[in-house]
Every structure is written in C-alpha cells, then in structure tokens.
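Treat the numbers as computed from the prediction; the structure is a model and nothing was measured.
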Amino acid sequence: MSRNNKKSEENKDFEFLDQTLRPSKWDEYIGQENIKKNLHILLNAAKEREHPAEHLLFYGPPGLGKTTLAHLIAKETSSQMRSTSGPAIEKVGDLASILTNLSPGDILFIDEIHRLNKTIEEVLYPAMESRSLDIIIGKGPSARTIQLELPAFTLIGATTRVAMISSPLRSRFSGGVFKLEFYKTEEIMKIIERSAKILGVSLGSSASKKIAERSRFTPRTANYLLKRARDYAQINKKDIDEKVVDESFKLLGVDNVGLNASDRTLLETIAKKFSGGPVGLNTLAASLSEEEATIEEFNEPYLLQMGFIERTPRGRVLTKLAYEHLGLDFPKDKGVNK
C-alpha cells in the first residue's frame, strides 16, 4: 500500500472513531435499564404483530445516548434509518421530500426535534397518526389540497428541551416519551473500560474511576476525557495511571469533580458579583458574555445534579457546597441553603 493510501485509510479511521465507540448491540449499551426493558417489550411485540414500532421520543441532557438508542432500535428491527434534525427542516417541502422517500418499516430520526417550526409540526401530525401527507398547491382561491399516502414508518425524536415541544406533538408519540437519566459512576466506569479496549489502551481500575468521577455522569464526556488522557500518555510515553489522568485533566482545566473553567467562572460570578444570588438567567448570561441556552443546556444540568446551584422563582442561588468547592466563606445570611 502506498504512503498516500495509508494516510487516507488512517484519516478514515479517525473520522469514524466516535462511531466505533458507540454501542452496536443492546448488550453493549450500559445503563438506562428501565428504558431498555420498556423498549425490549415494545419492539418485540411490534415484531410479533409484523408492524413497525410506534413513534418514540427520547429527552434528556446532551451526551446521554439518545442517538445511540435510535441506532440500536434500527438494528434491532432490521430497519433503514433516515436521520435529520429540527433546524435542517426549514420548509414543508423539506419534510415532504423526506417522508415521501421513506420505505415501509423505515425509521425517521429527528434530532433536536423541539426546533421544528409550528407549520412543519402541523404537517407532521397526520403523517404520524394516519400516515398521510396534506400538500397545498397554489395560492388564494385556486389553491387545492393533495393528500399523499405514506408508508408505515416509525418516527424517533430526540431533544434536550422537551418543554419546548408542543403538547399536540408530544401526545402523538404513542410508543412512549422516555427521559434518559444521568449515569452512575459504576456504569460510567464500564463504559470507559469498554472504550479503552476499542481504542487499544491499557487502563487500570483506579484510573478508570478517576475519569468516571469527572465525567459529569455522561458517556460522551467520559469518552472525550479518556481520549485526552490517552493522547497525553502517548506523547509523554507513559501508561494511563492516576497521575497521568490528573496531569492531563489539569491541562484541560477539569477539576476533581468534573467542573471545567466555564463552570467555575459561572459559580464565582454568582458568588462574587451577585453575593451568591438570586440572579436572573438573563443577567447572569450578560455578565458571562454567554448565551442563555449555553448556561441552561451545558452548565446548569451538572451543577444542579451536584447540588452547587438552586433554581428559585427569583433566579439562580449558590449553595453551601458550591462555596466549599470554590474555597470561599459561606455568607452567614444565607444559612438556609444546604
């Protein structure tokens, strides 16, 4: 094989590295046991009836495995999966093109489905319920409606913000609406150990635990941290042990509980600029020069999970745990906080 061809093959391997870390069998999917049991019953019952699975909606913070579940369902049902996202479907014609190109039994996966606009949602209702697509041709008095029959298909939606999905659309996910929970440290350790084998790196249980404890209870973050520890160990000609994990995470700015620089800046801003809160999201975002959505979707879920902040009707409030983590004195007038 020529040198150029070898480089091309290596680039292709790197490009699909994240996909290779994604579980390809139900047995490899660790965690979310209750959801897996429900899906097992739903999919097997549909298979016995020789019907496509009913429409499903998965929600929860980023990186918990919503897309992976959709891929596993497609493999379990031996179905072709068409993937798109809410922002990518800009016009009714875009959705019509996707739906009319589906084959019987196909799965349509829409990521970030909460970002579909209302006009497109309304076209989706009859497609989900009665497998028909109503298209209006022309404008004004000469306009007419054509109804197209669609093949039997399964819609799987994924979202990080389920409250932004309209109630009529949510109610049409007849197969169920499932919330993905944060993972336990033991589950994350199993995921890390599986990924380490795929990456071909040696990893002790103590190093695995250190990575898991800083993974924000999220498989995607755990795999990211593992790859960065692997890179650091490779460059410094070392094995991945506890010391290497600590050194590599220090470079990344990840502390002993998984907070990064932006998390700590957020906590310090509330503590020092706003006396521990309460502070409104809009004010906090302006102080940090961040978007509100970034704080709500990226920073807050883990900080709430760790008990570092509280959401109140008046705004965000820092807890005693957060002050202790930052090494700051807890204000006496906030003794009601935990």
Original post:
So which heavy atom on L150 is nearest to which on F153, and how close?
Top reply: CD1-CE2, 4.4 Å
**OP:** Answer yes or no: is there a side-chain heavy-atom contact under 4.5 Å between I309 and E300?
**Re:** yes
Original post:
Can you find a heavy atom in the side chain of I188 that is under 4.5 Å from one in the side chain of I211?
Top reply: no
**OP:** Please identify each residue that fulfils salt bridge (charged side-chain N to carboxylate O under 4.0 Å, His left out) with R170, with sequence neighbours left out.
**Re:** none
Original post:
side-chain contact (heavy atoms from CB on, under 4.5 Å) with E149: which residues, sequence neighbours excluded?
Top reply: S132, Q147
**OP:** Identify the two heavy atoms, one from R214 and one from L225, that lie closest to each other, and give their separation to 0.1 Å.
**Re:** O-CD1, 3.3 Å
Subject >> Any residue meeting side chain to side chain donor-acceptor pair (under 3.5 Å) with Q80, in chain and number order, not counting sequence neighbours >> reply: none
Subject >> With R172 via side-chain contact (heavy atoms from CB on, under 4.5 Å) - residues at least two apart >> reply: Y125, M128, E129, P168
**OP:** Verify whether one side chain among R228 and S248 offers a donor that lies under 3.5 Å from an acceptor in the other.
**Re:** no
Sequence neighbours excluded and cut-off under 3.5 Å, please list the side-chain donor-acceptor pairs for residues 277-291, or say none.
unit_1, atom_1, unit_2, atom_2, d
N282, ND2, E292, OE2, 2.9
S287, OG, T283, O, 3.0

**OP:** Report the residues that fulfil side chain to side chain donor-acceptor pair (under 3.5 Å) with E54, sequence neighbours left out, ordered by chain and then residue number.
**Re:** S174
Original post:
Among pairs that include at least one residue of residues 26-46, which meet ring pair (Phe, Tyr, Trp, His ring centres under 6.0 Å), considering only residues two or more places apart or in two chains?
Top reply: none
Original post:
So with a 6.0 Å cut-off around CG of D239, is the heavy-atom count from everything else above 12?
Top reply: no
**OP:** With sequence neighbours left out, write down each residue that passes salt bridge (charged side-chain N to carboxylate O under 4.0 Å, His left out) with E297, or none if nothing qualifies.
**Re:** R161
Subject >> Gap separating the OH atom of Y232 from the NZ atom of K250, nearest 0.5 angstrom >> reply: 9.5 Å
Original post:
If you round to the nearest 0.5 Å, how far is NZ of K91 from CG of L95?
Top reply: 12.0 Å
Original post:
Can you find a heavy atom in the side chain of R316 that is under 4.5 Å from one in the side chain of R311?
Top reply: yes
Original post:
For M81 and A70, which heavy atoms make the closest approach, and how far apart are they?
Top reply: SD-O, 3.6 Å
Original post:
What closest approach, in Å, do F58 and I156 show between heavy atoms, and which atom pair accounts for it?
Top reply: CE1-CG2, 3.7 Å
Original post:
Between R82 and D106, does a salt bridge (Lys or Arg N to Asp or Glu O under 4.0 Å) hold up when you go through it step by step?
Top reply: CA-CA 8 Å; R82 298 284 300 274; D106 278 2; 5.7 Å; no
Subject >> Pairs satisfying ring pair (Phe, Tyr, Trp, His ring centres under 6.0 Å), at least one member in residues 281-319, at least two apart >> reply: F217-Y302, F308-H325
**OP:** Mind listing the closest non-hydrogen atom pair of V245 and K210 along with its distance?
**Re:** CG1-CB, 3.9 Å
Original post:
What closest approach, in Å, do P219 and G63 show between heavy atoms, and which atom pair accounts for it?
Top reply: CD-O, 3.3 Å
Kindly list each side-chain donor-acceptor pair under 3.5 angstrom involving residues 195-203, sequence neighbours excluded, with atom names and distances?
unit_1, atom_1, unit_2, atom_2, d
S195, OG, I191, O, 3.1
S195, OG, N223, OD1, 2.6

Subject >> Y323 and F330 aromatic ring geometry - parallel, tilted or perpendicular at 30°/60° bounds >> reply: perpendicular
Subject >> Residue list, side chain to side chain donor-acceptor pair (under 3.5 Å) with R115, at least two apart or on another chain >> reply: none
Original post:
What pairs with S215 under side chain to side chain donor-acceptor pair (under 3.5 Å), at least two apart in sequence or on another chain?
Top reply: none
**OP:** Check L169, T160, V162 against H114 for a side-chain contact (heavy atoms from CB on, under 4.5 Å) and give me the one that passes.
**Re:** T160
